[in-house]
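What follows is a single structure, written as structure tokens, with notes after it.
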Protein chains: 2
Amino acid sequence: MKNAVKKPGPRFRMTPQRAGILRLLEGNKSHPSAGDIYRRIHKKFPGLSFATVYNTLQSLIALGELAEIRIDPRRSRFDPATTAHSHLMCVECGSIADLKAPPQPPLPKERPSGYRILRCNIEFYGVCPACGKKPGNKEKKSCMKTRQK
Amino acid sequence: MKNAVKKPGPRFRMTPQRAGILRLLEGNKSHPSAGDIYRRIHKKFPGLSFATVYNTLQSLIALGELAEIRIDPRRSRFDPATTAHSHLMCVECGSIADLKAPPQPPLPKERPSGYRILRCNIEFYGVCPACGKKPGNKEKKSCMKTRQK
DNA sequence: ATACCAGATAAGAACCATTCTTGTCAAGAC
DNA sequence: GTCTTGACAAGAATGGTTCTTATCTGGTAT
């Protein structure tokens with residue numbers, strides 16, 4: 001208790017499970033959900049539990065190695081690319097594409113007094129090329145009502 | 001709120017339960033969640049069920065009288081003001097304030113080819129005046145780690 | 001006015017993502 | 001070696017949302 005100043009925060013201890021999760025995430029552009037990650041990792045490590053996936057993801061986020069993105073209303077998605085950029089989600093299939101960051105976060109001119117603004121999310125929703133080609137989607141102006149499974 | 005159109009689609013049938021929900025929402029600036037609405041309405045209509053709240057909210061959204069906003073990662077919030085504007089959520093207490101719409105939806109210059117872009121969300125996160133005054137928040141640069149109950 | 005039917009309702013189960021709990025284990029510190 | 005800390009597995013718990021089933025009701029047609 002005396003030497004509490006000592007620790008610079010918990011270290012990240014590499015384990016086979018974490019190595020597997022890291023390998024899956026590295027360079028991954030699919031923006032998987034925690035469930036996606038669990039299902040894929042679980043094939044290699046049948047004993048690996050959901051809690052481990054969530055714990056590892058939280059650790060990586062705390063380390064700044066992973067970003068949690070909330071463009072999908074149904075679940076968190078995770079992005080190993082942590083440089084500033086925004087996302088475009090297909091409302092049909094749920095796939096997420098990367099976008100270059102808009103040059104300026106558009107700060108509102110009329111900001112409520114007393115608020116401290118911390119950050120800003122910009123998210124785009126649309127239809128991906130594959131889903132746009134599917135029959136029945138050609139004429140539609142909008143398809144926000146269709147929910148992906 | 002205006003009454004439903006005559007011809008297309010099912011009409012909105014006014015019932016005591018729906019009237020109660022409408023009265024609660026009208027002019028409401030608190031951006032309540034479905035649970036908030038249920039708990040408040042349930043005092044007046046003890047028999048009213050969650051399903052009725054959700055059904056009514058979905059009907060109102062379909063009629064364009066209500067907007068579902070997804071700034072809160074934990075639950076949908078609802079806004080009877082359907083004119084274009086964006087929101088600012090306090091990461092401490094979860095309260096949501098309205099912002100004038102940013103002048104231009106910042107369309108990405110480099111858009112992925114083949115995508116049809118339908119809409120764009122801009123959300124701001126910060127600390128509201130009340131939470132900023134609370135002790136312990138004065139020095140903090142960021143408090144995104146604190147999660148409201 | 002009455003019967004009928006689409007839509008509304010109540011009650012609660014089901015679903016799913018996420019968090020939490022508990023007990024166990026292993027790696028590095030001492 | 002022992003201790004301490006954190007990782008892990010397993011599954012329960014939580015909480016928001018959706019779905020199911022059966023019943024009811026308001027508006028329209030008869």
Side-chain angles (χ1 to χ4, degrees), chain A residues 1-4 6-22 31-39 41-42 44-63 66 68-78 94 145-149, chain B residues 3-22 31-39 41-63 66 68-78 94 145-149:
Chain A
M1 270 305 171
K2 282 288 182 142
N3 50 357
K6 188 178 153 205
K7 47 180 76 159
R11 282 192 324 272
F12 186 82
R13 187 184 291 171
M14 188 57 66
T15 65
Q17 294 89 343
R18 291 185 162 187
I21 294 176
L22 276 171
H31 307 87
S33 68
D36 295 334
I37 295 167
Y38 172 73
R39 280 181 290 275
I41 292 290
H42 194 258
K44 285 197 166 181
F45 297 86
L48 187 140
S49 75
F50 241 111
T52 298
V53 171
Y54 276 102
N55 287 338
T56 300
L57 295 177
Q58 288 307 318
S59 299
L60 292 173
I61 289 168
L63 286 172
L66 186 69
E68 177 176 6
I69 61 182
R70 301 253 20 155
I71 193 176
D72 185 342
R74 302 167 56 89
R75 57 186 75 87
S76 279
R77 310 277 291 254
F78 297 91
K145 263 146 287 177
T146 51
R147 311 206 148 199
Q148 67 272 11
K149 177 61 223 318
Chain B
N3 41 10
V5 284
K6 261 284 150 50
K7 280 298 190 53
R11 280 197 327 264
F12 186 81
R13 185 184 294 172
M14 188 56 66
T15 65
Q17 293 89 343
R18 292 184 161 188
I21 294 176
L22 277 170
H31 307 88
S33 67
D36 296 334
I37 294 167
Y38 171 73
R39 280 181 291 275
I41 292 290
H42 193 258
K43 289 176 188 159
K44 287 197 167 183
F45 297 86
L48 186 141
S49 75
F50 242 111
T52 298
V53 172
Y54 276 101
N55 287 338
T56 301
L57 294 177
Q58 288 307 319
S59 299
L60 291 173
I61 289 168
L63 285 172
L66 187 69
E68 177 176 6
I69 62 183
R70 300 254 20 156
I71 193 176
D72 185 344
R74 302 167 56 89
R75 56 186 78 87
S76 279
R77 309 277 290 255
F78 298 91
K145 263 145 289 179
T146 51
R147 311 208 148 197
Q148 66 273 9
K149 181 61 221 318

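Labels below follow one simple rule: chain letters A, B, ... track the order of the sequence lines, proteins then strands, and each chain is numbered from 1. Note that the structure is predicted; figures quoted are calculated from it, not measured. For the numbers below, each heavy atom of this structure counts, side chains included, while hydrogens, waters and symmetry mates do not.
By the ring pair (Phe, Tyr, Trp, His ring centres under 6.0 Å) test, B/Y38 pairs with B/H42, B/F50, sequence neighbours left out. Every side chain to side chain contact (heavy atoms under 4.5 Å, CB included) that A/T52 has, sequence neighbours left out, goes to A/Q17, A/L48, A/S49, A/T56. Partners of B/R13 under the side chain to side chain donor-acceptor pair (under 3.5 Å) rule, at least two apart in sequence or in another chain, do not exist in this structure. Listed by chain and residue number, A/M14, A/R23 satisfy the side chain to side chain contact (heavy atoms under 4.5 Å, CB included) test with A/A19 (two or more places apart in sequence, or in another chain). Take A/S76 and apply the side chain to side chain donor-acceptor pair (under 3.5 Å) test, not counting sequence neighbours, and it matches A/E68, A/R70.
The side chain of B/S76 places no N or O atom within less than 4.0 Å of a non-bridging phosphate oxygen (OP1 or OP2) of D/dG16.
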Give me, pair by pair, the N or O atoms of the protein and of nucleotides 8-13 of chain D that are less than 3.5 Å apart, along with how far apart they are.
{"from": "D/dC8", "atom 1": "OP1", "to": "A/T15", "atom 2": "OG1", "distance (Å)": "2.1"}
{"from": "D/dC8", "atom 1": "OP1", "to": "A/Q17", "atom 2": "OE1", "distance (Å)": "3.2"}
{"from": "D/dC8", "atom 1": "OP2", "to": "A/R18", "atom 2": "NE", "distance (Å)": "3.2"}
{"from": "D/dC8", "atom 1": "O3'", "to": "A/Q17", "atom 2": "NE2", "distance (Å)": "3.3"}
{"from": "D/dA9", "atom 1": "OP1", "to": "A/Q17", "atom 2": "NE2", "distance (Å)": "3.3"}
{"from": "D/dA9", "atom 1": "OP1", "to": "A/G47", "atom 2": "O", "distance (Å)": "3.3"}
{"from": "D/dA9", "atom 1": "OP2", "to": "A/S49", "atom 2": "N", "distance (Å)": "3.2"}
{"from": "D/dA9", "atom 1": "OP2", "to": "A/T52", "atom 2": "OG1", "distance (Å)": "2.6"}
{"from": "D/dA9", "atom 1": "O5'", "to": "A/G47", "atom 2": "O", "distance (Å)": "3.3"}
{"from": "D/dA10", "atom 1": "OP2", "to": "A/G47", "atom 2": "O", "distance (Å)": "3.1"}

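Atom OH in B/Y54 sits roughly 18 Å away from atom C1' in C/dA8 (whole-Å rounding). Distance, B/Q58 CD to C/dA8 C1': 15 Å, rounded to whole Å. What separates CZ of B/R70 from C1' of C/dA17 is a distance of 12 Å, to the nearest Å. Between the CZ atom of B/R77 and the C1' atom of D/dT17 there is a distance of 16 Å, rounded to whole Å. Rounded to an integer number of Å, the gap from CZ of A/F12 to P of C/dA27 is 15 Å. As a whole-Å value, the separation of B/R75 CZ from C/dT19 P is 13 Å. Residue B/L22 contributes atom CG, which lies 14 Å from atom C1' of C/dA8 at whole-angstrom precision. Between A/R39 atom CZ and C/dC16 atom P there is a gap of 10 Å when expressed in whole angstrom units.
Between B/F78 and B/S33, the shortest heavy-atom contact is CD1-C, 4.2 Å.
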